[in-house]
Amino acid sequence: MDKKLYLYNTLSRKKEEFKPINPGRVGMYVCGPTVYGDAHLGHGRPAITFDLLFRYLQHLDYKVRYVRNITDVGHLTDDGDQGEDKIGKKAKLEQLEPMEVVQRYKLRYQRNMSQLNVLSPSIEPTASGHIIEQIETIKAILDAGYAYESRGSVYFDVEKYAKDHDYGKLSGRKIEDLYSTTRELDGQQEKRSSLDFALWKNASPEHIMRWPSPWGDGFPGWHTECTAMSCKYLGSQFDIHGGGMDLLFPHHEAEIAQSVAAHGHETVNYWMHNNLVTINGQKMGKSLGNFINLDELFEGTHKLLERPYGPMTIRFFILQAHYRSPLDFSNEALQAAEKGMDRLMKATALVSALKASDESTVDVSSLQEKCYAAMNDDLNSPILIAHLFDGVKMINSINDGKASINAADLKILQDLYQQFVYDILGLQGEQQSNESSSDAMDDVMQLLLTLRQDAKTNKDWSTADKIRDELKAMGIEVKDTKDGATWELKN
RNA sequence: GGUCGGUUGGCCGAGUGGCUAGGCAGUGGUCUGCAAAACCAUGUACGGCGGUUCGAAUCCGCCACCGACCUCCA
């Protein structure tokens, strides 16, 4: 059985066998959110993608240090000097101190992630908490001669860097092409070249978020924090760096350049990028008005949504597509995912109640191998889920007495579903228990079901149906099974 | 315009040079007083045109369309 884990490395555009720098340990860094607004679908996908990786690496017994940053220093809304910073803008709009904005949205982001059952990273550093480290990084780049100071700002000298190194190797861009496609923006007169990017930005007097530095009051450039913080917590050489595909250029390209300039070598072994999310086939964008926040999704309040979708439905839906493929959200697709997940979760719950027989008519080991093979092939969660659905048939057949399983196989099967469904995919029952339910409620329902059973025994169908129909109208569904009736609260 | 990626059955979404992906919906069946639920079974597919090949939806070329990035974005 092939136990090697293969991951797609954006740098080589190939799947590569994953080999950690230090045996048994993995360092991974993922670009987190800028906290100036509610978390939306676009934040959910990378969080879940790299949560899957985090969980799987741990399942493989790696000790993982997972760093996901919080960007809270207020980068500019455009690349020119005149642009307002995003957090400062939001602060003015809402009449809040910028750090109040940051605090509010950071907490909301973390709550949403926890609803999606995304595990907390090992470290969640903020850019504002690492101004000193960023200044040190900038100094190192200046010392190496790949940056210059200009009117209180510090810029990275892309042209000089490109002479000595390959600028564009990650995104596949050529520097001569970049010249012809870079727009002229305000404030570019202080740069030597339009390709140069800010490492430190001088703060205009009205700019709220500002810190002192050797070059005057200002704030760090967009790309600086990841270089500084990944190095601080993972070292100048680490295993995996992840993020959305939209960050490939310029963000990650700039990170590579900064690291090489500051440390003299590249720092990341595997670059991983998740694909983006579309809504009804359209790019999700603020201007298109189809940005769906996670809260809106969970509550069904967005105008594009027919009804609410639970966090686990969203999680399952995202995992049902491969992380490097684009993913399209639609009501139809979400409802299909919800039903499918329901079936998987019911079978997963059922597997622990199965009874062992003397012999097995099912091939559990082969199922297990296929599950690992799927995950080892660049985290192919859709294939994994397909195999788990094959297992659902197996489980149901055993439960129906149409197949049998011996004790040893049953143990494997139970562990398999525990590990892959709960631990690795990170799925859990949508409503753990009915919150509005209580012991008294259970007793009342038991009474009603007993009364209905009595009516059925007396062939009093109208009473039996009345109980069933009226309960249904209240949102309680009665299900008749061989072993008697059960009930379920529907939202 | 440049770079990169995609185009799969009613919908979503994998994968592969010849052998069923999977889910949802649909259809048939089992169960049921009826129904629902549950379970079982099941079909039409690989954008267009050429080429390579014994054989391609899978490889190559051209075309069309879509998308991403090139500017803040996950």
Side-chain angles (χ1 to χ4, degrees), chain A residues 10 13 30-34 36-37 39-50 71 75-80 83-86 168 171-174 176-183 185 222 242-251 253 273-278 281-286 291 316-317 320-322 324-344 346-347 350 370 374 377 380-390 392-393 395-397 399-400 402 456 459-461 464-465 468-469 472 477-482 485-486 488:
Chain A
T10 310
R13 316 255 160 193
V30 173
C31 291
T34 302
Y36 68 105
H40 53 72
L41 267 175
H43 294 102
R45 175 108 109 139
I48 288 169
T49 297
F50 293 104
T71 297
H75 296 302
L76 300 180
T77 50
D78 67 51
D79 202 27
E84 269 183 300
D85 84 74
K86 288 185 278 199
S171 54
R173 282 179 167 72
K174 296 190 174 51
E176 50 271 25
D177 294 338
L178 290 170
Y179 279 116
S180 55
T181 55
T182 304
R183 291 194 314 189
L185 294 160
W222 178 35
M245 266 175 66
D246 52 338
L247 297 178
L248 246 162
F249 190 90
H251 185 56
E253 201 69 62
H273 292 92
N274 62 274
N275 215 314
L276 308 184
V277 169
T278 56
Q282 232 187 355
K283 176 190 168 156
M284 198 169 69
K286 291 205 163 113
F291 242 79
F316 182 78
F317 182 66
Q320 236 186 347
H322 186 78
R324 284 192 286 114
S325 299
L327 179 61
D328 188 51
F329 271 69
S330 64
N331 282 287
E332 208 179 358
L334 284 167
Q335 284 163 24
E338 186 178 72
K339 285 187 185 168
M341 182 184 70
D342 204 36
R343 203 157 88 85
L344 176 63
K346 279 189 175 133
L350 183 62
K370 285 179 189 165
D377 184 16
N380 201 326
S381 54
I383 292 289
L384 169 64
I385 290 170
H387 291 317
L388 290 172
F389 271 115
D390 287 340
V392 167
K393 280 184 189 157
I395 292 165
N396 286 329
S397 300
N399 189 50
D400 281 0
K402 290 172 186 155
K456 285 173 73 174
K459 299 203 190 298
D460 179 3
W461 309 127
D465 289 351
R468 184 177 67 197
D469 296 343
K472 182 159 190 176
E477 194 160 33
V478 175
K479 294 177 187 177
D480 290 328
T481 70
K482 284 198 183 85
T486 62
E488 201 177 316

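Below, chains carry the letters A, B, ... as their sequence lines are ordered, and counting in each starts from 1.
- Using atom P as the reference point in both B/A64 and B/U71, the two lie 26 Å apart (nearest Å).
- Looking at heavy-atom distances under 4.0 Å, A/Lys393 makes contact with sugar-phosphate atoms alone, never a base.
- Picking from B/G22, B/A74, B/A36 the nucleotide with the shortest atom distance to the side chain of A/Asp480 gives B/A36.
- Between A/Asn274 and B/A74 there is no side-chain polar atom (N or O) within less than 4.0 angstrom of OP1 or OP2.
- A/Leu248 has its side chain within reach of A/Thr10: a pair of non-hydrogen atoms, C-beta onward, lies under 4.5 Å apart.
- Taking the side chain as every heavy atom from C-beta outward, A/Trp461 and A/Lys459 approach each other to under 4.5 Å.
- Nearest-nucleotide positions on RNA chain B for A/Val392 and A/His43 put A/Val392 closer to the 5' end.
- Nucleotide B/C69 holds its C1' atom 15 Å from the NZ atom of A/Lys174, rounded to whole Å.
- The shortest non-hydrogen separation linking A/Phe317 to A/Asp328 is CZ-O, 3.2 Å.
- Within 4.0 Å (heavy atoms only), A/Arg45 reaches no atom of the nucleic acid at all.
- Mapping A/Ile385 and A/Ser397 onto RNA chain B by nearest heavy atom places A/Ile385 at the nucleotide closer to the 5' end.
- Here the side chain of A/Asp246 is nearest to one of B/G33, B/C39, B/A74, namely B/A74.
- The backbone N or O of A/Val392 lies less than 3.5 Å from a partner atom in the side chain of A/Asn396, making a donor-acceptor pair.
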Distances under 3.5 Å only, N/O to N/O: pair up the protein atoms with those of nucleotides 12-15 of chain B.
from	atom 1	to	atom 2	distance (Å)
B/G13	OP1	A/Asp328	N	3.1
B/A14	OP1	A/His322	N	2.7
B/A14	OP1	A/Ser325	OG	3.0
B/G15	OP1	A/Asn380	ND2	3.4

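- B/C24 and B/A41: their P atoms are spaced 12 Å apart (whole Å).
- The base of B/C69 sits with one of its N or O atoms less than 3.5 Å from a complementary donor or acceptor on the side chain of A/Arg173.
- Considering only the side chain of A/Glu332, B/C11 comes nearest among B/A38, B/C34, B/C11.
- In this structure, the CG atom of A/Asn331 is 16 Å from the P atom of B/C11, given to the nearest Å.
- Heavy atoms only, all atoms of each residue included: A/His273 and A/Arg324 are closest at O-CG, 3.7 Å.
- Residue A/Leu247 is in sugar-phosphate contact alone, with no base atom involved, counting any heavy-atom pair closer than 4.0 Å across all strands shown.
- Whole-Å rounding puts the A/Glu253 CD to B/G2 P distance at 20 Å.
- Taking atom P in both B/C59 and B/G5, the straight-line distance is 13 Å, to the nearest Å.
- Distances shorter than 4.0 Å separate none of the side-chain N or O atoms of A/Lys402 from OP1 or OP2 on B/C40.
- Of the candidate nucleotides B/C24, B/G22, B/A36, B/A36 has the atom lying nearest to any side-chain atom of A/Lys472.
- Atoms CD1 and CG, from A/Ile395 and A/Asp390 in turn, are 11.0 Å apart once rounded to the nearest 0.5 Å.
- In terms of heavy atoms, A/Ser171 sits closest to A/Phe249 at OG-CD1, 3.4 Å.
- Nucleotide B/G67 holds its P atom 23 Å from the NE2 atom of A/His273, rounded to whole Å.
- Residues A/Asn275 and A/Arg45 meet the side-chain proximity criterion, which asks for heavy atoms closer than 4.5 Å.
- A salt bridge links A/Lys456 to A/Asp480: one of the charged nitrogens lies within less than 4.0 Å of a carboxylate oxygen.
- Comparing B/C39, B/G33, B/A37 by their nearest atom to the side chain of A/Asp465 picks out B/G33.
- With B/A35, B/C24, B/G33 as the candidates, the nucleotide lying closest to the side chain of A/Lys339 is B/C24.
- Residues A/Asn380 and A/Leu384 form no side-chain contact, since every pair of their non-hydrogen atoms from C-beta on lies 4.5 Å or further apart.
- Counting any heavy atom pair closer than 4.0 Å across all strands shown, A/Leu276 reaches a base atom.
- Taking atom C1' on both nucleotides, B/U58 is separated from B/U53 by 13 Å, rounded to a whole Å.
- Residue A/Asp400 contributes atom CG, which lies 19 Å from atom P of B/G29 at whole-angstrom precision.
- Only the C1' atoms considered, B/G17 is 6 Å distant from B/A56, to the nearest whole Å.
- For B/G23, the OP1/OP2 oxygens have a side-chain nitrogen or oxygen of A/Arg343 closer than 4.0 Å.
- In this structure, NE2 in A/His322 is found 10.5 Å from CG in A/Asn274, a value given to the nearest 0.5 Å.
- Comparing B/C63 with B/G2, their P atoms are spaced 12 Å from each other, to the whole Å.
- The base of B/A36 does not come close enough to the side chain of A/Arg468 for any donor and acceptor atom to sit less than 3.5 Å apart.
- Contacts of A/Gly42 with the nucleic acid, taken as non-hydrogen atoms under 4.0 Å apart, include base atoms.
- In this structure the side chain of A/Glu338 never reaches within 4.5 angstrom of the side chain of A/Asp342, judged on heavy atoms.
- Salt-bridge formation is detected for the pair A/Arg468/A/Asp465: a Lys NZ or Arg NE/NH1/NH2 atom is positioned less than 4.0 Å from an Asp or Glu carboxylate oxygen.
- Atom pair A/Lys346:NZ and B/A38:C1' shows a separation of 8 Å (rounding to whole Å applied).
- With P as the reference atom, B/A14 and B/A21 are 15 Å apart, rounded to whole Å.
- Neither OP1 nor OP2 of B/A35 sits under 4.0 Å from any side-chain N or O of A/Trp461.
- The nearest whole Å value for the distance from the CE atom in A/Met245 to the C1' atom in B/C4 is 7 Å.
- On the C1' atoms, B/C73 is 26 Å away from B/C65, given to the nearest whole Å.
- Atom-to-atom, CG of A/Asp390 to P of B/C40 comes out at 11 Å; the value is rounded to the nearest Å.
- When the nucleotides B/A74, B/A21, B/G23 are ranked by their closest atom to the side chain of A/Ala336, B/G23 comes out on top.
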Check your understanding: Reading RNA chain B 5' to 3', how would its secondary structure be written in dot-bracket notation, given Watson-Crick and G-U pairs with both distances under 3.5 Å, brackets [ ] for crossing pairs and | for partners on other strands?
Key -> (((((((..(((.....[...))).(((((.......)))))....(((((..]....))))))))))))....
